[in-house]
Protein chains: 2
Amino acid sequence: MIKTYFYKDIEAEQLQKLIDRNTDPNHAIQDTVLQIIEEVKTSGDEALKSYAKQFDKVDLEKLYLDASDIEELAMTISRDQMRALEIAFQNIHKFHQSQMKRERVVETMPGVKCWREVRPIEKVGLYIPGGSAVLPSTLLMLGIPARIAGCKEIVVCSPPQNNGKINGFVAYCLKLLRIDRIYLVGGAQAVAAMAYGTESIPKVNKIFGPGNQFVTKAKSMIQGMTDVSIDMPAGPSEVLVIADELANPAFVAADLLAQAEHGSDSQSILVCLSEEFAKAVEKEVDVQLQVLPRRAMAEEAMNNSYIIVAENLEEAMKFSNLYAPEHLILETEEWKPLVNKVLNAGSVFLGNLTPESAGDYASGTNHTLPTSGYARSYSGVSVDSFVKKITFQHISEEGLQHIGSTVEILAELEGLQAHKNAVSIRMK
Amino acid sequence: MIKTYFYKDIEAEQLQKLIDRNTDPNHAIQDTVLQIIEEVKTSGDEALKSYAKQFDKVDLEKLYLDASDIEELAMTISRDQMRALEIAFQNIHKFHQSQMKRERVVETMPGVKCWREVRPIEKVGLYIPGGSAVLPSTLLMLGIPARIAGCKEIVVCSPPQNNGKINGFVAYCLKLLRIDRIYLVGGAQAVAAMAYGTESIPKVNKIFGPGNQFVTKAKSMIQGMTDVSIDMPAGPSEVLVIADELANPAFVAADLLAQAEHGSDSQSILVCLSEEFAKAVEKEVDVQLQVLPRRAMAEEAMNNSYIIVAENLEEAMKFSNLYAPEHLILETEEWKPLVNKVLNAGSVFLGNLTPESAGDYASGTNHTLPTSGYARSYSGVSVDSFVKKITFQHISEEGLQHIGSTVEILAELEGLQAHKNAVSIRMK
């Protein structure tokens with residue numbers, strides 16, 4: 001049974017509880033992660049090899065695979081699989097390519113020209129989770145914008161399988177991305193290695209990618225401890241589906257379950273317009289659950305989830321904006337008028353034929369998105385995440401005449417005489 | 001005497017030391033700040049009033065000034081000062097307005113449409129430092145992009161003067177920004193108040209602005225403790241000037257000192273092409289220092305600074321990119337060929353007539369910029385900092401036929417059956 005609430009009956013305090021995610025700050029694992037970070041910082045490769053033995057059950061002679069290993073592994077997958085990865089690559093590339101734009105020069109006063117130029121972050125680190133689920137799609141979602149941005153060095157870390165290799169799908173994606181090395185390091189130790197550098201692994205400027213709670217904790221810790229930045233804080237994945245009376249309960253159930261199978265801490269929330277529709281979806285959830293390989297996980301996640309019955313779509317959108325979902329699916333006949341009403345969300349799927357899984361893999365949009373309410377202030381990963389925008393300005397003699405006295409007055413009123421001098425000395 | 005190094009003689013280890021900023025992680029103040037945060041979280045307004053008494057030496061009945069107070073204070077400044085603030089406002093507005101752009105829809109496959117839409121961050125908090133230096137310019141630099149972005153709620157906090165008011169320049173900027181309330185709260189307690197909300201002060205989604213080490217520490221702590229994000233980590237301000245033989249040593253000295261007067265921990269670095277030029281600048285620094293009101297501070301900062309003598313501009317640019325300065329001034333006859341070589345910097349000032357102070361106040365570019373090497377991975381504040389870009393996608397029946405099997409294959413190879421189902425059920 002999924003808990004069902006009527007929006008009109010929800011009181012402020014309960015509303016806050018429904019909106020709040022499981023924000024366990026993971027204090028319990030902080031000490032473990034700090035220890036791993038310190039160990040990698042001081043012992044480098046040696047520490048990484050010892051963690052590989054401990055956590056990945058493998059003895060590594062060297063900490064990476066190179067082009068020939070990757071080539072060989074990539075050839076083990078089927079033609080259909082290659083083709084599917086290529087199509088995903090092309091769509092993701094096409095959409096992200098459109099995010100690269102030259103900006104125009106703005107003349108704010110005659111002779112005062114200002115503009116921004118885009119520069120890649122030189123060294124980026126991509127963490128690709130391994131273990132139970134291997135996610136080649138994540139490698140595409142991070143590697144493609146990194147390539148489009150023009151990052152000089154793309155360091156990829158992923159935990160080794162216990163044969164000391166990586167899976168063929170990941171290898172094929174590396175090939176598509178023209179990345180000829182992958183480091184066999186997982187967990188918090190991978191984050192530490194990319195943050196501080198080791199004998200084998202280069203230090204990077206920014207670390208991207210999802211991971212388990214150790215990886216996530218390590219990312220948030222190195223953000224505070226070093227000059228290395230991160231893509232965004234990460235929490236369990238979540239979807240919010242808004243469905244009207246004409247939506248198909250079977251489609252809705254499938255979308256809720258697609259989210260739920262990620263992990264028992266996932267949230268799948270339905271906002272619909274009647275109790276009858278809610279019941280119809282529940283029934284479909286029960287049916288579809290039976291045949292899922294990851295049924296236990298999905299079932300537990302559904303128990304953490306809930307249904308809201310709203311009076312109308314207006315109210316449904318209001319709740320969605322308060323919740324700020326990572327994924328929002330609008331399974332409504334009329335989705336166009338709702339687009340402008342979406343204020344807080346990571347990625348939005350419009351209409352009855354646009355499942356979230358299309359965006360997870362192949363529509364072209366990025367699947368690295370803000371969770372846990374961070375969609376209120378963060379965007380998902382895009383080419384923007386891999387670049388800086390540097391401002392440039394040039395002032396001519398004419399410009400200096402126009403702007404000079406303004407700067408002098410403002411510097412003076414802030415009591416910064418040397419700031420004023422820097423202008424006055426040029427105006428003489 | 002400013003320390004002078006010849007670039008060709010600098011060894012790797014020393015180079016690293018020159019590039020590293022004073023990265024004192026302020027562990028000493030962490031406990032104090034945590035205590036302030038906890039106090040504000042539990043006691044709200046009461047705690048804020050008690051801190052105002054303790055730190056700002058003022059008894060506050062209410063924690064804010066409203067429109068009529070602001071109006072009155074704004075009228076106390078001179079017409080020239082008003083005019084200068086208006087010109088700054090217009091230039092900053094003009095440049096930042098150009099950053100708002102609609103993005104086009106990309107059809108990645110026939111029937112698969114993807115695009116991004118810009119949405120403001122709903123509630124933003126701006127911290128405007130007070131105390132020894134009052135910085136109305138910072139209010140413009142944060143308030144203007146917030147207004148352009150369309151943020152619904154702009155919460156401004158600034159420490160009260162000991163008469164319980166704010167200064168007239170800040171008041172006039174509030175008027176220009178059509179912000180009709182300012183909260184009289186400074187320090188770490190202001191950051192905590194905006195992060196958690198109090199009876200008077202609304203909780204926000206993102207906090208912006210510079211401040212002393214307590215403010216900075218509080219920002220970085222609440223970033224880890226709450227769902228509130230921050231603009232960027234902040235450190236002491238810095239400038240790097242690259243000057244060729246034709247540059248004017250007096251201009252260069254003025255620029256170094258403008259940076260140095262910010263605080264004794266500021267860094268002003270000169271990269272030039274001969275020892276003679278370095279000496280000429282040093283001489284000018286000594287002369288100009290004599291008459292500065294903030295001389296002691298500037299002198300100490302110059303002692304933390306250094307000069308690099310490079311063989312040529314190529315080498316100079318190389319060092320600059322390694323250092324990744326917040327401000328970079330290219331005082332060279334030929335600056336155009338250098339623009340493309342700037343890889344890491346916050347804001348760049350081109351040619352001999354473009355002092356940094358123009359950008360600090362009025363050229364139009366933002367002065368909230370990444371320090372301490374963060375320019376390697378962060379951009380300065382812009383309209384982008386106040387918005388999210390949400391991805392949208394719509395798949396038609398035709399689109400589903402094109403993309404369906406690709407998604408099915410990829411979901412299957414990642415072992416996510418429910419992801420596959422969400423597509424399959426729609427293709428039936």
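Hydrogens, waters and symmetry mates play no part in the numbers below; they use all other heavy atoms, side chains included. In what follows, every chain begins at residue 1, and chains take the letters A, B, ... in the order their sequences are listed.
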Q: Could you look at A:Asp360 and say if it's the side chain, the backbone, both or neither that has a heavy atom under 4.5 Å from chain B?
A: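 Side chain only.
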
Q: Do the side chains of B:Glu414 and A:Leu135 get nearer than 4.5 Å, heavy atoms only?
A: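 Yes - at least one pair of side-chain heavy atoms lies under 4.5 Å apart.
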
Q: Using a cut-off of under 4.5 Å for heavy-atom pairs, which of A:Asn321, A:Leu330, A:Leu292, A:Asn421 has the most such pairs with chain B?
A: A:Leu292

Q: Is there a side-chain contact between A:Ser377 and B:Lys388 in this structure, where contact means two heavy atoms from C-beta onward sitting under 4.5 Å apart?
A: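 When only atoms from C-beta onward are counted, B:Lys388 and A:Ser377 do not touch, as no gap falls below 4.5 Å.
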
Q: Heavy-atom pairs under 4.5 Å with chain B: which of A:Gly346, A:Gly351, A:Ala375 has the most?
A: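 Looking at each of A:Gly346, A:Gly351, A:Ala375 in turn, A:Gly346 comes out on top.
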
Q: Is the closest side-chain heavy-atom distance between B:Asp255 and A:Arg426 below 4.5 Å?
A: yes

Q: A side-chain contact here means heavy atoms from C-beta on lying under 4.5 Å apart; do B:Leu410 and A:Ser137 qualify?
A: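 Counting from C-beta outward, B:Leu410 and A:Ser137 never come under 4.5 Å.
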
Q: Heavy atoms only, distances under 4.5 angstrom: which of B:Gln223, B:Glu107, B:Lys206, B:Glu356 has the most pairs with chain A? Name it, please.
A: B:Gln223

Q: Counting only heavy atoms closer than 4.5 Å, note whether A:Ile409 contacts chain B via side chain, backbone, both or neither.
A: side chain

Q: Which bit of A:Phe349 comes within less than 4.5 Å of chain B, counting heavy atoms only: side chain, backbone, both or neither?
A: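 Interface part for A:Phe349: both.
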
Q: Looking at A:Ile425 and B:Phe251, what are the two nearest heavy atoms and their distance?
A: O-CE1, 3.4 Å

Q: Looking at A:Ile395, is its backbone amide N or carbonyl O close enough to the side chain of B:Thr354 to form a donor-acceptor pair, meaning the two atoms are under 3.5 Å apart?
A: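 Flag set: sc B:Thr354 to bb A:Ile395 pair under 3.5 Å.
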
Q: Heavy-atom pairs under 4.5 Å with chain A are the metric here; pick the option from B:Ser382, B:Pro293, B:Ser379 that has the most.
A: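 Top count of heavy-atom pairs under 4.5 Å with chain A: B:Ser379.
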
Q: Looking at A:Val124, A:Leu328, A:Ile87, which has the largest count of heavy-atom pairs under 4.5 Å with chain B?
A: A:Ile87

Q: Sort out for me which residue in A:His394, A:Glu398, A:Glu397 forms a side-chain contact (heavy atoms from CB on, under 4.5 Å) with B:Leu353.
A: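 Considering A:His394, A:Glu398, A:Glu397, a side-chain contact (heavy atoms from CB on, under 4.5 Å) with B:Leu353 is found only for A:Glu397.
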
Q: Do A:Val112 and B:Asn91 have side chains that approach each other closer than 4.5 Å (heavy atoms only, starting at C-beta)?
A: no

Q: Please determine, among A:Glu408, A:Met427, A:Glu261, A:Gln417, the option with the most heavy-atom pairs under 4.5 Å with chain B.
A: A:Glu261

Q: Of all residues at least two apart in sequence or in a different chain, which pass the ring pair (Phe, Tyr, Trp, His ring centres under 6.0 Å) check with B:His402?
A: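 Applying ring pair (Phe, Tyr, Trp, His ring centres under 6.0 Å) to B:His402 gives none.
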
Q: Counting heavy-atom pairs closer than 4.5 Å to chain B, which one of A:Leu257, A:Asn352, A:Leu289 comes out on top?
A: A:Asn352

Q: Name the region of A:Lys123, side chain, backbone, both or neither, that has any atom closer than 4.5 Å to a heavy atom of chain B.
A: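 Neither part, no heavy atoms under 4.5 Å.
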
Q: Examine whether an atom of A:Arg83 lies under 4.5 Å from a heavy atom of chain B, and if so say whether it belongs to the side chain, the backbone or both; otherwise answer neither.
A: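 Neither part, no heavy atoms under 4.5 Å.
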
Q: Between B:Leu343 and A:Glu122, is any pair of side-chain heavy atoms under 4.5 Å apart?
A: yes

Q: Using a cut-off of under 4.5 Å for heavy-atom pairs, which of B:Pro136, B:Ser220, B:Gly415 has the most such pairs with chain A?
A: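 Of the candidates given, the most pairs with chain A belong to B:Pro136.
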
Q: Given side chains that start at C-beta, do those of B:Tyr361 and A:Thr406 come closer than 4.5 Å, heavy atoms only?
A: no

